[in-house]
Amino acid sequence: MPELPEVESIVRGLRTSLVGRTITSAEVRWARAVDRPSVQGLVDGVTGGTVTGVSRRAKFIVIALGDAHLLVHLRMAGRLLLCRSAAIELVQDPYVRAAFHLDDGSVLLFRDVRKFGRLYLVQDPSEVVGALGPEPLADGFTPAVLRNCMTRRRQIKPLLLDQHVVAGLGNIYVDEALWKARLHPLRRADTLNDDDIRRLHAAVRSVLTRAINDGGTTLRDYRDCEGEVGQHQYALAVYGRAGEACPRCGGAIERIVVGQRGTHICARCQH
DNA sequence: CACAGCTCCTGGCAGC
DNA sequence: TGCTGCCAGGAGCTGT
């Protein structure tokens with residue numbers, strides 16, 4: 001599941017190779033991968049475009065083509081792969097939903113087994129990402145900003161997963177951050193005191209930063225733009241570790257369900 | 001407003 | 001071995 005660190009890793013990998021390249025042709029193999037404007041509109045809109053920047057907003061990859069912007073959301077199992085040549089095995093890969101051929105002979109592939117990922121071609125990225133909450137790694141994301149995100153009566157885990165509240169967290173890193181902050185995912189957000197907020201703020205930033213430094217977490221599907229796995233799965237404290245011992249207190253890690261999501265906690269040290 | 005449930009999808013896996 | 005059916009889950013949506 002690509003979350004902020006995985007998307008950041010892909011963006012960093014793509015940026016060097018992609019900026020300055022011109023898209024010579026594009027093909028969409030599964031029409032519903034295009035959210036907007038339309039398959040033909042997207043193909044026509046990117047063809048001939050030169051990449052002027054590659055960036056990230058929350059879990060969206062933003063490829064700037066002058067005035068136009070190609071946004072990619074990988075959702076559950078999507079990959080954005082840069083292939084040096086249109087190798088035959090990739091051309092025949094049944095899970096490639098779209099391909100963008102570049103002027104140096106390389107190909108940018110959007111591969112998505114589960115068909116949840118989406119492509120958007122817009123003039124103004126805010127049309128797609130405008131309603132998202134703050135970036136948790138931005139300088140402006142202070143404990144006071146987090147405090148403002150946590151004023152409602154909702155449970156903190158579903159609140160942190162809500163991209164309109166804070167943008168970029170997913171199931172893995174919310175569980176990790178809550179564990180690190182010693183906060184129970186079912187706590188009501190408006191019960192957090194200043195120290196809780198301070199710990200949660202620090203935990204979110206350190207969990208994301210460390211995951212980026214490890215090149216992301218590969219549990220099953222995630223690959224970077226070169227097709228390589230990340231390394232952060234070995235550093236996870238609780239996610240996917242039900243039955244193991246809490247690395248902090250030795251208590252048993254449990255799997256519970258919060259907001260219909262599998263959730264991993266140490267009930268002994270998260271309150 | 002809070003939250004449960006449904007939808008989209010399909011590979012992987014448990015159970016028989 | 002081979003089949004069935006359930007599960008995972010990001011995000012948008014509807015229903016309570």
Side-chain angles (χ1 to χ4, degrees), chain A residues 1-10 28-36 39 56-62 71-80 93-98 110-120 122 125-136 148-178 184-192 204 208 211 216-223 229-230 233 236 238-243 254-265:
Chain A
M1 303 160 269
E3 304 181 27
L4 187 156
E6 289 73 35
V7 175
E8 181 66 25
S9 299
I10 290 167
V28 173
R29 298 185 188 173
W30 192 69
R32 287 166 68 186
V34 177
D35 184 279
R36 67 189 77 169
V39 170
R56 178 189 63 73
R57 173 72 171 102
K59 302 175 194 173
F60 288 87
I61 297 159
V62 182
L71 274 63
V72 182
H73 198 304
L74 300 172
R75 293 284 181 94
M76 301 296 300
R79 298 178 187 175
L80 205 51
D93 185 331
Y95 302 121
V96 170
R97 308 302 178 195
F110 174 55
R111 183 186 192 274
D112 185 22
V113 170
R114 291 163 80 173
K115 299 182 174 177
F116 280 178
R118 291 294 180 266
L119 306 173
Y120 311 73
V122 293
S126 70
E127 186 184 320
V128 177
V129 301
L132 293 174
E135 284 287 329
N148 286 335
C149 298
M150 296 284 121
T151 53
R152 291 193 281 172
R153 298 170 60 90
R154 294 174 64 186
Q155 299 162 343
I156 48 178
K157 174 163 177 176
L159 195 58
L160 289 169
L161 284 174
D162 186 336
Q163 302 297 298
H164 305 286
V165 175
V166 182
L169 294 169
N171 208 34
I172 295 172
Y173 298 114
V174 166
D175 280 7
E176 292 295 306
L178 290 173
H184 197 286
L186 290 173
R187 269 281 290 280
R188 254 178 47 183
D190 61 357
T191 69
L192 300 185
V204 164
L208 293 175
T217 297
T218 299
L219 293 176
R220 178 177 299 178
D221 293 308
Y222 170 69
R223 298 293 186 280
V229 299
Q233 58 276 18
L236 296 176
V238 288
Y239 190 88
R241 299 198 183 282
E254 301 169 41
R255 184 185 184 280
I256 62 175
V257 175
V258 177
Q260 294 119 291
R261 307 289 159 104
T263 299
H264 309 78
I265 60 162

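Residue numbers start from 1 in every chain, and the chains themselves are labelled A, B, ... in the order their sequence lines are given, proteins ahead of strands. Being a predicted model, the structure only gives us computed values, none of them experimental.
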For atom [atom1] of [X] and atom [atom2] of [N], their distance in whole Å:
| X | N | atom1 | atom2 | result |
| --- | --- | --- | --- | --- |
| A/D221 | B/dC13 | CG | C1' | 14 Å |
| A/L219 | B/dG12 | CG | C1' | 14 Å |
| A/L161 | B/dA4 | CG | C1' | 15 Å |
| A/R29 | B/dC9 | CZ | C1' | 19 Å |
| A/D175 | C/dA8 | CG | C1' | 14 Å |
| A/R261 | B/dC6 | CZ | C1' | 12 Å |
| A/L74 | B/dC8 | CG | P | 22 Å |
| A/R188 | B/dA2 | CZ | P | 9 Å |

Between A/H164 and A/F116, which is nearer to the 5' end of DNA chain C once each is assigned its nearest nucleotide?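 Upstream on the strand: A/F116.
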So, is [X] near the phosphate of [N], with a side-chain N or O under 4.0 Å from OP1 or OP2?
| X | N | answer |
| --- | --- | --- |
| A/Y95 | B/dG11 | yes |
| A/H73 | C/dA11 | yes |
| A/K115 | B/dT10 | yes |
| A/R220 | B/dG11 | no |
| A/R32 | B/dC9 | yes |
| A/R152 | B/dC3 | no |

Rounded distance (nearest 0.5 Å) linking atom CZ of A/F116 with atom CE of A/M1: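 Here the rounded value is 13.0 Å.
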Approximate separation, where rounding is to 0.5 Å, of A/R118 CZ and A/L74 CG: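 Those atoms lie 12.0 Å apart.
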Could you go step by step and tell me if A/R241 and A/H264 meet the side chain to side chain contact (heavy atoms under 4.5 Å, CB included) rule? CA-CA 7 Å; A/R241 299 198 183 282; A/H264 309 78; over 6 Å; no
A/V113 has a side chain; which of B/dT10, C/dG10, B/dA4 sits nearest to it?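 Among B/dT10, C/dG10, B/dA4, the one nearest the side chain of A/V113 is B/dT10.
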Among C/dA11, B/dC9, B/dA2, which is the nearest nucleotide to the side chain of A/R154?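 Of C/dA11, B/dC9, B/dA2, B/dA2 is nearest to the side chain of A/R154.
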Within the 4.0 Å heavy-atom criterion, would you say [X] contacts the bases, only the backbone, or no part of the nucleic acid?
| X | answer |
| --- | --- |
| A/Y173 | nothing |
| A/Q260 | base |
| A/R75 | base |
| A/R111 | nothing |
| A/M76 | base |

Taking the nucleotide of DNA chain B with the closest heavy atom to each, which residue, A/Q155 or A/R97, is nearer the 5' end?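 Its nearest nucleotide lies further toward 5', so the answer is A/Q155.
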Take atom CZ of A/R153 as the centre, draw a 6.0 Å sphere, and report whether it contains more than 12 heavy atoms from other residues, nucleotides or ligands.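 No, not enclosed.
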Candidate pair A/V258 and A/L186, rule side chain to side chain contact (heavy atoms under 4.5 Å, CB included), full reasoning: CA-CA 7 Å; A/V258 177; A/L186 290 173; 3.7 Å; yes
pair A/L71-A/V62: side-chain heavy atoms closer than 4.5 Å: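 Yes, close enough: below the 4.5 Å cut-off.
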